[in-house]
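Hydrogens, waters and symmetry mates play no part in the numbers below; they use all other heavy atoms, side chains included.
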Amino acid sequence: MNSRDFDLTASVEEAFARLERATLDFEHRPAQTEMARRWSETLMVGGALVVEAPTGVGKSLAYLLPALALRAAGSGPIVVSTHTKALQQQMIDRDVPLAARALHLGRAVRATTLKGRASYLCRRRAQGRLRQRRLFAAGGATVDPGIWDRVESWVERTTTGELEELAAMGAGPAVLAGLAAEIASDPIFCSGPECDPASGCFAKAARREARRADVLIVNHALLLSDPGLRQSIVAEAGALILDEAHQIERVARDTLGITLGMRDVARQAARTDARSGALRGLARAVRRGRGAGLSTRVAEADQALRPVLDHAAALTRDLQVLLPEGVAAARLAADVDLASVSPAALDQLLAALGTLVHALERVVEAAETETGALRPGAEDAILEVQARAAGWIETEQALRAVVRLEERDQAFYLDRDERGAPRLNRRPLRVGRALRETIFGPSERLLLTSATLAPEGEFGPVLRALGLEPEDVSCACLPSPFPLDRMVRSVVLEGAAPNDPAYVEELASVVASLASLGRNTLVLLTSFQMLDALAGRLRPVLEAAGVPLLAQAPGEPAAVLADSFRARPGSVLLGTASFWEGVDFPGAALEVLVIARLPFPVPTDPVIEARSERIAADGGDPFRELMIPEAVLRFRQGIGRLIRSAADRGAVIVADPRLVRASYGARFAACLPSRPAVARDPAEAGAIVREFIESEALPCPA
């Protein structure tokens, strides 16, 4: 398609004009129309566009209007990939319908989300598994018998088949995770024609709907991990849009990486064994007095599980030497000799895994040979054993990959599972080539956008990290639509440095002073250690003043705590990593933001350490090329929590004197919404903020 066939720019301009005339709360935003214009041009001629567009620009409408107009003119479907569920839901509920109305398409626009196969129910599989409730070991947890009735009822009546609905069943996370794994769509079990949308295989139903959609919305992890999705729907797409694109590199590193621990092996064993797993299901399918050979093979496979568990436990104990008590993660450098750390367990575990896989394959062969010894419907039990065998093959391959420490451009390290036991990890240092080959290269029309993409407007480093050549990409850095210098008061506290023993006490004084304003205050921290220390000092002071204090706990998701914060006016929230981005606090839900320290990556983080070494080996400067850019982007993401709409107003306080003392401080100061005032102590910082917040001479912009 070319411009002679269809004037896309004119169609989009007309759509914006309709919105201004017909939508009461719609306002003209020059940055939004500029983004839409640039994307329209890219859609017409092909190529890649990268846009950094701050909060408030209205990115989703800017890219949906041109893409939907092109779709209506005959292009392939639109694929949008995001990082957060909130943005996906916003597009389904608001943005896609709004864009469709603005374009006057004359027909309904089909928009749907697609998740990974393991997120959907297979009703056929569930019905077979739920007939044998004892198969659900749930890690030995006590299960309320009423849960099974509720689950069976849900299996029969659900219209979406999305397993996240199980959260309403009233069981604990461990039970639900085990249950979901047993009734989810499975690539082997669901491969035949018996599983189809009509029989209740919701993964296949979701794929069918995805192929029919005008707009398909997925998340980055699925886009990167599912070759079938890329080779079918994405390959035929008229446009591929990656929103929240600043997360792509990290998600790619995790998706292309491997994590393997004893808990993974134990869960897999429980799903396999003859006590509560797939082997039990097959054993129960053998007719009484028949199938002696098959029963023998089942018993042999069950016995082959014990060495796997024993050697995995021994390897875990041996690895503990490399991960001392109190250490969260430890890098495994190429010179680490795992053979000396675990002289026998590693080799024996690999051998035991091979033996187990062969034993399971012999079970399947015997079952397919002795079909007369099996009851009707045993085909499903055979498929379950086949699926477990495939899972153990993947486990063996994963183990071999995570101990290949000599491989270049990979970070190998240990961390801890939810119970504190060591896990082996492998992560690629560079993901650009994989992204280019699997996603960017095949895409004829590509958009990457985010509120934070390029430190100081320089796109080169991020493009190269993602495998894109700067000369082949059109880039734009759009201005904020808000008068931030009037909406936000920025303050830097030039007091104790973060590594000073007096720092936490000084930070507590700042927060307590700000809390007296009675406005919702969010404190962004970079570690739970500092969070706990700050909470300990603040709690008695704020309790005495009647100010609610919310403190994030390790592993606690941001969403629930964020809801409590929004619902409690005048409260103080202490949050770490998950609060720096992805949570919105419009209006009075957040008026004071405190950034405790500049968010540099932890230099001893195994992946950061390995990436730094790689940069240094290539003759670069890790601090300048990795640490500062990562910290600047994180800093900008944190600041973005404060102003979410034209009606917002507030103050941001940076309690890190490096912003005014360090040579690199100006790079962070340039990210602040307004020229910062420098306060010498907590009292002065509190006074500056109070004057701004309480001032009627600076009304909140309309």
Side-chain angles (χ1 to χ4, degrees), residues 221 224-227 248-262 264-265 308 311-312 314-316 318-323 327-354 357 390-417 421-441 464-467 601-620 622 625-626 630:
L224 292 166
S225 64
D226 192 326
I248 285 290
E249 185 182 7
R250 184 193 63 76
V251 174
R253 191 168 284 116
D254 288 343
T255 302
L256 298 172
I258 298 170
T259 295
L260 182 64
M262 178 62 192
D264 302 306
V265 174
V308 170
H311 297 317
L315 177 61
T316 300
D318 292 342
L319 292 175
Q320 190 69 58
V321 174
L322 301 174
L323 195 65
V327 177
R331 181 148 170 243
L332 298 174
D335 58 358
V336 172
D337 185 3
L338 288 177
S340 63
V341 172
S342 186
L346 178 56
D347 287 341
Q348 290 175 344
L349 176 55
L350 286 168
L353 285 168
V357 169
W392 285 112
I393 291 173
E394 291 178 1
T395 299
E396 180 184 5
Q397 292 171 340
L399 180 58
R400 292 187 184 278
V402 293
V403 299
R404 201 177 297 131
L405 305 185
E406 71 282 358
E407 191 166 340
R408 286 173 56 84
D409 289 329
Q410 301 284 336
F412 296 89
Y413 62 98
L414 294 171
D415 70 352
R416 298 184 184 278
D417 65 17
R423 296 185 301 187
L424 288 156
N425 297 269
R426 165 187 168 135
R427 296 290 185 275
L429 300 184
R430 295 169 174 169
V431 298
R433 180 176 179 179
L435 289 172
R436 183 174 63 251
E437 292 176 351
T438 59
I439 299 175
F440 301 147
R464 284 186 284 271
L466 295 178
V602 178
T604 55
D605 175 274
V607 177
I608 292 294
E609 185 179 0
R611 292 175 67 192
S612 297
E613 288 182 4
R614 183 74 265 171
I615 292 171
D618 292 340
E625 297 177 29
L626 175 62
E630 294 258 340

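- Side-chain atoms of Ile393 and Leu353, non-hydrogen and from C-beta on, never get closer than 4.5 Å to each other.
- In this structure, Arg404 and Gln410 have side chains that are not in contact, with every pair of non-hydrogen atoms separated by 4.5 Å or more.
- Here the closest non-hydrogen pair linking Thr255 and Ser225 is CG2-CB, 3.5 Å.
- With hydrogens and angles ignored, the 3.5 Å screen pairs a side-chain donor or acceptor of Asp605 with a backbone N or O of Val607.
- A search for side chain to side chain donor-acceptor pair (under 3.5 Å) contacts involving Asp226 returns Arg207, not counting sequence neighbours.
- Rounding to the nearest 0.5 Å gives a distance of 9.0 Å between CD of Gln320 and CG of Leu414.
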### Message
Set out, in order, the CA-CA distance, both residues' side-chain angles and the distance that settles side-chain contact (heavy atoms from CB on, under 4.5 Å) for Arg400 and Leu350, then state yes or no.
### Response
CA-CA 8 Å; Arg400 292 187 184 278; Leu350 286 168; 3.6 Å; yes
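- Looking at every heavy atom in both residues, Trp392 comes nearest to Val265 through CH2-O, 3.6 Å.
- The minimum heavy-atom distance linking Leu466 with Phe440 is given by the pair O-CE1, 3.2 Å.
- Although no hydrogens or angles enter the test, the distance criterion places no donor-acceptor pair under 3.5 Å between the side chain of Arg331 and the main chain of Ala411.
- Considering CZ of Arg426 and CG of Leu256, their distance stands at 10.0 Å, rounded to 0.5 Å.
- A pairwise comparison of heavy atoms in Thr438 and Ala434 identifies OG1-O, 2.6 Å as the closest pair.
- Side-chain atoms of Asp264 come within 3.5 Å of backbone N or O of Gly261 as a donor-acceptor pair.
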### Message
Between Val402 and Tyr413, is the side-chain contact (heavy atoms from CB on, under 4.5 Å) condition met? List the steps.
### Response
CA-CA 9 Å; Val402 293; Tyr413 62 98; over 6 Å; no
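- Note on Glu407 versus Arg427: no salt bridge recorded, every NZ/NE/NH1/NH2 to OD/OE distance being 4.0 Å or above.
- Leu224 is listed as a side-chain neighbour of Leu435, based on a closest heavy-atom distance under 4.5 Å.
- Partners of Ala421 by side-chain contact (heavy atoms from CB on, under 4.5 Å), not counting sequence neighbours, listed by chain and number: Thr316, Asp417.
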### Query
Does the pair Glu249 and Arg464 meet the rule for a salt bridge (Lys or Arg N to Asp or Glu O under 4.0 Å), with working shown?
CA-CA 11 Å; Glu249 185 182 7; Arg464 284 186 284 271; over 6 Å; no
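- Between the Ser342 side chain and the Ala339 main chain, no donor and acceptor come within less than 3.5 Å of each other.
- Residues Ala465 and Val431 approach most closely at O-CG2, 4.1 Å, considering heavy atoms.
- For Glu630 and Arg250, the salt-bridge test fails: no basic side-chain N is under 4.0 Å from an acidic carboxylate O.
- With a 4.5 Å cut-off on side-chain heavy atoms, Asp347 and Leu349 do not count as touching.
- We find the CD1-CD1 distance between Ile248 and Ile439 to be 6.0 Å, quoted to the nearest 0.5 Å.
- With Arg416 contributing its side chain and Leu323 its backbone, the two residues share a donor-acceptor pair below 3.5 Å.
- Arg408 contributes atom CZ, which lies 9.5 Å from atom CG of Leu429 (distance to the nearest 0.5 angstrom).
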### Message
Pair Arg614, Arg430 - check side-chain contact (heavy atoms from CB on, under 4.5 Å), show working.
### Response
CA-CA 10 Å; Arg614 183 74 265 171; Arg430 295 169 174 169; 3.4 Å; yes
### Message
Test side-chain contact (heavy atoms from CB on, under 4.5 Å) on Leu424 and Thr259; report intermediate values, then the result.
### Response
CA-CA 6 Å; Leu424 288 156; Thr259 295; over 6 Å; no
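- Within the 4.5 Å cutoff, the side chain of Leu260 has heavy atoms near those of the Leu399 side chain.
- At a threshold of 4.5 Å between non-hydrogen side-chain atoms, the residues Asn425 and Ile258 do not count as touching.
- The two residues Pro603 and Glu609 make their nearest non-hydrogen contact at O-CB, 3.7 Å.
- With rounding to the nearest 0.5 angstrom, the CD atom of Glu406 is 7.0 Å from the CZ atom of Phe412.
- Using a distance-only test at 3.5 Å, with no hydrogens or angles considered, a donor-acceptor pair links the side chain of Ser612 to the main chain of Ile608.
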